[in-house]
> 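Before anything else, here's the structure in question.
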Amino acid sequence: MRVLLVEMDTHTYPFYLKACAKCFDVREGERVHGIVVRNGFEALVFVQNALVHLYSACGMAESGYRLFEEMPERNRVTWNSVINGFAINGRPNEVMTLFREMGFEGVLPDGFTMVSLLTACVELGALALGRRAHVYLLKIGLNKNLHVGNALIDLYAKCGSIGEAHCIFNEIGVRSVVSWTSLIVGLAVNGFGKEALDFFKELEEEGLVPSDITFIGVLYACSHCGMVDEGFAYFKRMKEEYSIVPKIEHYGCLVDLLGRAGFVQEAYEFVQNMALKPNAVVWRTLLGSCMTHGHLALGEVVRARLLQLEPKHSGDYVLLSNLYASEGRWSDVQTVRRNMFQKGLRKSPGHSLVELKNHVHEFLMGDKSHSQRKEIYKMLEDVMKKLKVEGYVPRLSNVLADIEEEEKENTLSYHSEKIAIAFMLINTKPGSPIRVVKNLRVCVDCHLAIKLISKIYDREIIVRDRSRFHHFRDGICSCKDYW
DNA sequence: ATAGGGTTAG
């Protein structure tokens with residue numbers, strides 16, 4: 001996009017910069033930024049705000065922030081633009097800090113601010129913090145704001161409190177398709193696929209038009225519930241009834257739908273024949289299915305494609321290595337490991353977050369840094385003892401190394417989610433639910449162990465992992481072991 | 001006249 005900049009005045013720049021932001025054309029935006037400076041308009045707050053928005057919206061939150069720092073005059077929009085920049089670029093801690101600073105400067109938050117704040121809470125999985133934000137915005141009457149309502153649905157759903165998400169949905173007077181989509185996606189990631197599809201049906205009965213994102217939620221629900229035929233039927237309806245052109249994300253869902261259900265060869269054929277060029281995520285989905293269902297030969301083929309597309313993705317090395325490990329091919333495991341280390345790649349360390357009395361505690365794998373470490377490890381030993389009485393046998397194939405069996409067992413018992421759960425068993429009242437947010441996917445062994453812990457200690461345990469929720473209760477998980 | 005928001009496959 002490029003137009004002649006004759007006759008551009010101070011009123012035109014914001015319009016034009018907004019357009020640049022909308023098509024992520026940061027280069028053109030920078031060019032205009034230069035012109036603005038040369039013409040001496042850089043101190044005008046409207047122009048400045050448009051520039052902060054441009055950088056924030058194009059993934060350059062830091063650049064937006066640098067401008068913000070230099071601004072002689074700021075208003076609420078300036079604050080909102082820079083805060084939102086951090087919110088949409090995955091920097092929740094900066095959002096929290098700036099929100100506080102905004103308050104110190106006497107600038108009152110509005111709906112825009114609260115949406116950014118809620119987005120940051122979602123990112124952190126900080127349910128208690130999100131609830132405080134909710135209470136606050138009730139006080140200032142912002143709960144009537146549709147965008148805020150939708151952000152609240154997302155907050156509660158993504159923090160595993162689907163009942164509260166439901167309440168918010170019911171309280172919204174006039175809902176948009178986004179309200180419905182947020183709830184459908186929320187139900188789907190929490191393992192309530194059937195309910196998600198019921199809501200989709202209701203949405204249609206209300207005469208609303210689902211969006212491409214609504215269909216991502218629907219396809220996600222199908223793939224996580226093993227509804228293969230239904231998924232393809234929805235995909236067909238999406239194209240034919242709603243004239244939505246499928247995006248790579250939709251194809252990704254279908255690959256997952258097939259692969260997850262064990263149709264791994266079919267998934268591979270689907271990838272080769274689909275209308276869009278498969279990206280790394282699609283190939284990675286397929287590699288995940290190869291891993292789950294033990295298709296070693298195909299896994300190696302898929303791995304080769306991934307190496308061409310994204311040679312530096314450490315997660316792919318881990319997946320392949322686990323695939324070899326599950327077949328007991330330890331020398332291949334070693335080769336992959338060595339390969340990975342030689343390229344300077346490291347497995348991203350697993351960590352788990354839990355919220356206790358307005359504080360977020362973080363635990364790493366094998367963490368021994370916590371002030372309560374003695375009690376925690378004593379509790380862990382107790383837990384492991386009780387698990388074994390219940391017939392628990394550690395599943396070791398997921399461990400990335402061909403170390404001695406005993407040592408492997410040790411490594412597993414110290415996975416961050418187990419430590420976090422032990423910490424919460426010590427510090428919370430019997431019977432109260434335990435919520436854990438994990439950065440990686442929960443492994444088979446932890447999944448089995450947590451199921452048993454939920455039964456033995458009579459606790460509801462809600463784990464949000466990298467891709468979905470697990471609600472553990474009475475020894476079973478909402479994912480029905482299909483995740 | 002001019003600036004800002006929510007839902008998105010692994």
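Order of the sequence lines sets the chain letters (A, B, ...), proteins ahead of strands, with each chain counted from 1.
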> Once hydrogens and angles are ignored, does a donor-acceptor distance under 3.5 Å link the base of B:dG5 to the side chain of A:Asp110?
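No, the side chain and the base share no sub-3.5 Å donor-acceptor pair.
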> Hey, does A:Leu146 reach any base, or is it just sugar-phosphate, or nothing, if we go heavy atoms under 4.0 Å?
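Base contact - A:Leu146 has a heavy atom under 4.0 Å of at least one base atom.
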> Examine B:dA9: is either OP1 or OP2 under 4.0 Å from a nitrogen or oxygen in the side chain of A:Arg260? Give yes or no.
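For B:dA9, neither OP1 nor OP2 has a side-chain N or O of A:Arg260 closer than 4.0 Å.
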> Output, in order, the C-alpha distance, side-chain angles, deciding distance and verdict of salt bridge (Lys or Arg N to Asp or Glu O under 4.0 Å) for A:Glu30 and A:Arg27.
CA-CA 5 Å; A:Glu30 278 171 338; A:Arg27 286 193 55 186; 5.9 Å; no
> Taking the side chain of A:Phe112 as heavy atoms from C-beta outward, which of B:dT7, B:dA3, B:dG5 is closest to it?
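Nearest listed nucleotide: B:dG5.
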> If you measure from the Lys or Arg side-chain nitrogens to the Asp or Glu carboxylate oxygens, is any gap between A:Lys158 and A:Glu123 under 4.0 Å?
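A salt bridge is absent here (no side-chain N lies under 4.0 Å from a carboxylate O).
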> If only side-chain N and O atoms of A:Lys158 are considered, is one of them under 4.0 Å from the OP1 or OP2 phosphate oxygen of B:dT8?
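Checking B:dT8 against A:Lys158, a side-chain N or O does come within under 4.0 Å of OP1 or OP2.
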> Would you indicate what A:Val185 reaches in the nucleic acid, counting non-hydrogen atoms under 4.0 angstrom: base, sugar-phosphate, or nothing?
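Sugar-phosphate, backbone atoms only, no base.
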> Without decimals, in angstroms, what is the distance between A:His11 NE2 and B:dA1 C1'?
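Rounded to the whole Å, the gap is 6 Å.
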> Of all the choices, B:dA3, B:dG10, B:dT8, which nucleotide is nearest to the side chain of A:Lys247 once you look at every atom?
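So the nucleotide nearest the side chain must be B:dT8.
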> Taking the side chain of A:Val148 as its heavy atoms from C-beta onward, which of B:dA3, B:dG5, B:dT7 lies nearest to it?
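Closest of the options to the side chain of A:Val148: B:dG5.
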> Between A:Ser211 and A:Thr214, do the side chains contain an N or O donor and an N or O acceptor separated by less than 3.5 Å?
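A donor-acceptor contact under 3.5 Å links the two side chains.
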> Can you check the A:Leu152 CG to B:dG5 C1' distance for me, whole Å?
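To the nearest whole Å, that distance equals 13 Å.
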> Could you state the NE2-P distance from A:His250 to B:dA9, rounded to the nearest angstrom?
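Going from NE2 in A:His250 over to P in B:dA9 covers 10 Å.
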> Between B:dA9, B:dT2, B:dG5, which one does the side chain of A:Pro14 approach most closely?
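Looking only at side-chain atoms, A:Pro14 lies closest to B:dT2.
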> Please determine, for the side chain of A:Glu249, which listed nucleotide (B:dT7, B:dA3, B:dA9) has the closest atom?
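Comparing B:dT7, B:dA3, B:dA9 against the side chain of A:Glu249, the answer is B:dA9.
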> Remember a base hit wins even if backbone is also touched, and classify A:Ser176 as base, sugar-phosphate or nothing at under 4.0 Å, heavy atoms.
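Touches a base.
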> Which part of the nucleic acid does A:Asp316 contact within heavy-atom distance under 4.0 Å: base, sugar-phosphate only, or nothing?
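Counting heavy atoms under 4.0 Å across all strands, no contact is made by A:Asp316.
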> In this structure, how many angstroms lie between the P atom of B:dT2 and the CD atom of A:Glu42, rounded?
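Interatomic distance, CD of A:Glu42 to P of B:dT2: 22 Å.
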> Rounded to whole angstroms, how far apart are CH2 on A:Trp283 and C1' on B:dG10?
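Checked: the CH2 to C1' distance equals 15 Å.
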> Looking at every strand, decide which applies to A:Thr181 at a 4.0 Å heavy-atom threshold: base, sugar-phosphate, or nothing.
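It contacts base atoms.
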> Sort out for me which residue in A:Gln265, A:Gln272, A:Glu266 forms a side-chain hydrogen bond (donor to acceptor under 3.5 Å, both in side chains) with A:Tyr268.
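Option passing the side-chain hydrogen bond (donor to acceptor under 3.5 Å, both in side chains) with A:Tyr268: A:Gln272.
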> Whole angstroms only, please: what is the CD1-P distance between A:Ile168 and B:dT7?
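In whole Å, B:dT7 P and A:Ile168 CD1 are 15 Å from each other.
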> For A:Tyr220, which contact category applies under a 4.0 Å heavy-atom criterion: base, sugar-phosphate, or nothing?
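Answer is sugar-phosphate: A:Tyr220 comes under 4.0 Å of backbone atoms only.
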> From C-beta outward on A:Asn84, which listed nucleotide comes closest to its side chain: B:dG5, B:dA9, B:dA3?
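Minimum distance to the A:Asn84 side chain belongs to B:dG5.
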> Please report, rounded to the nearest Å, how far the P atom of B:dT2 is from the NZ atom of A:Lys18.
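The answer, rounded to whole Å, is 9 Å.
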> Hey, does A:Val47 reach any base, or is it just sugar-phosphate, or nothing, if we go heavy atoms under 4.0 Å?
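Result for A:Val47 = nothing.
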> In whole angstroms, how far is the P atom of B:dG10 from the OH atom of A:Tyr317?
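A:Tyr317 atom OH is separated from B:dG10 atom P by 23 Å.
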> Counting only side-chain heavy atoms from C-beta out, which of B:dT7, B:dG5, B:dA3 sits nearest to A:Asp154?
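The listed nucleotide nearest to A:Asp154's side chain is B:dT7.
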> Within the pair A:His224 and B:dG10, is there a side-chain N or O less than 4.0 Å away from OP1 or OP2?
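For B:dG10, OP1/OP2 do have a side-chain N/O of A:His224 under 4.0 Å.
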> Reckon A:Gly288 touches a base, only the sugar-phosphate, or nothing at all at heavy-atom distances under 4.0 Å?
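It contacts nothing in the nucleic acid.
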> Evaluate side-chain hydrogen bond (donor to acceptor under 3.5 Å, both in side chains) for A:Asp154 paired with A:Ser182, printing each intermediate quantity in order.
CA-CA 6 Å; A:Asp154 188 45; A:Ser182 301; 5.5 Å; no
> Identify whether any heavy atom of A:Leu44 sits under 4.0 Å from a base atom; if not, whether one sits that close to sugar-phosphate; answer base, sugar-phosphate or nothing.
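Contact class for A:Leu44: none.
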> Thinking salt bridges, do A:Glu310 and A:Arg305 make one under a 4.0 Å N-O criterion?
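The answer is no: the pair does not qualify as a salt bridge.
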> Determine the contact category for A:Asp212: base if any of its heavy atoms lies under 4.0 Å from a base atom, sugar-phosphate if only primed atoms, P, OP1 or OP2 are that close, otherwise nothing.
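Answer is nothing: A:Asp212 stays at 4.0 Å or more from every strand.
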> For the residue pair A:Tyr16 / A:Glu28, report whether a side-chain donor-acceptor contact shorter than 3.5 Å exists.
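Note: A:Glu28 and A:Tyr16 side chains meet the donor-acceptor criterion.
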